Amino acid sequence: MNAYTPILVLGAIAAAFAIFSVVAASVIGPKRYNRAKLEAYECGIEPTPQPAGGGRFPVKYYLTAMLFIVFDIEIVFLYPWAVHFDSLGIFGLAEMLVFVALIGVAYAYDWRRGGLEWD
């Protein structure tokens, strides 16, 4: 347990700082509410009235989200591969080529569905 004490202390300090920051901002910060600040933020698109039970989002919203997820997954796997490229050898290269090909399928699908068109 003695080895985990610094980690627990650091976690407690981080939690205390987070709680203090939120409380201090709500107490000290200005409270100038207006109609625009109270509206839901919809990715820069002008908010539209929604029915009481919610509404349907356009497919473009989901395609953009999928594109960001594909970028994140690609970076998460490419960075460690690049760091240990020498020790992985030809097997690592072949596996990464398969991975990049699968990611390419996701990009092609998103491109075909219009996820890369910003009108």
Side-chain angles (χ1 to χ4, degrees):
M1 184 65 179
N2 198 17
Y4 293 108
T5 303
I7 296 171
L8 293 174
V9 170
L10 184 63
I13 291 172
F17 178 74
I19 292 169
F20 172 76
S21 297
V22 170
V23 170
S26 66
V27 172
I28 298 171
K31 293 167 182 59
R32 293 184 296 260
Y33 298 111
N34 58 27
R35 183 174 173 258
K37 284 187 179 182
L38 295 175
E39 298 247 350
Y41 181 67
E42 297 182 5
C43 304
I45 300 171
E46 190 67 32
T48 56
Q50 296 289 326
R56 298 180 73 174
F57 284 100
V59 174
K60 191 171 206 61
Y61 176 80
Y62 295 106
L63 289 175
T64 304
M66 186 179 79
L67 189 63
F68 280 113
I69 290 171
V70 168
F71 271 126
D72 289 344
I73 290 172
E74 186 176 14
I75 294 302
V76 163
F77 286 111
L78 278 176
Y79 184 73
W81 172 76
V83 170
H84 293 288
F85 177 71
D86 292 339
S87 63
L88 294 175
I90 194 74
F91 176 75
L93 179 63
E95 289 298 320
M96 193 49 64
L97 289 175
V98 169
F99 174 71
V100 170
L102 289 173
I103 293 293
V105 170
Y107 282 137
Y109 175 77
D110 205 17
W111 185 10
R112 180 125 170 108
R113 296 288 298 189
L116 299 175
E117 296 173 7
W118 302 100
D119 30 65

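All values reported here derive from a predicted model rather than from experimental measurement.
- The hydrophobic cluster containing I90 also contains L78, counting ILVMFWY residues as joined when their side-chain heavy atoms lie under 4.5 angstrom apart, directly or transitively.
- Through direct or indirect side-chain contacts shorter than 4.5 Å among Ile, Leu, Val, Met, Phe, Trp and Tyr, V105 is connected to no other residue.
- In this structure, the separation between CG on D72 and CG on L67 is 10.0 Å, given to the nearest 0.5 Å.
- Between the OG1 atom in T5 and the CG atom in N2 there is a gap of 5.0 Å [rounded to 0.5 Å].
- Shown here is L8, whose CG atom has more than 12 heavy atoms of other residues, nucleotides or ligands within 6.0 Å.
- With sequence neighbours left out, W81 forms a ring-ring contact (aromatic ring centres under 6.0 Å, His included) with F85.
- Heavy atoms of other residues, nucleotides or ligands lying less than 6.0 angstrom from CZ of F77 number 12 at most.
- L102 and L93 fall into different hydrophobic clusters, where Ile, Leu, Val, Met, Phe, Trp and Tyr are joined by side-chain heavy atoms under 4.5 Å apart, directly or via other members.
- In terms of hydrophobic clustering, with Ile, Leu, Val, Met, Phe, Trp and Tyr side chains grouped at heavy-atom distances under 4.5 Å, V100 and L97 are assigned to a common cluster.
- Within the 4.5 Å cutoff, the side chain of E95 has no heavy atoms near those of the L88 side chain.
- Side-chain contact between I103 and V70: present, with at least one pair of heavy atoms (C-beta onward) separated by less than 4.5 Å.
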*For side-chain contact (heavy atoms from CB on, under 4.5 Å), just list the numbers for V76 and I73, CA-CA rounded to whole Å, side-chain angles, deciding distance to a tenth of an Å, and then say yes or no.*
CA-CA 5 Å; V76 163; I73 290 172; 5.7 Å; no
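- When only modelled atom types and interatomic distance are considered, Y79 and E74 share no side-chain donor-acceptor pair under 3.5 Å.
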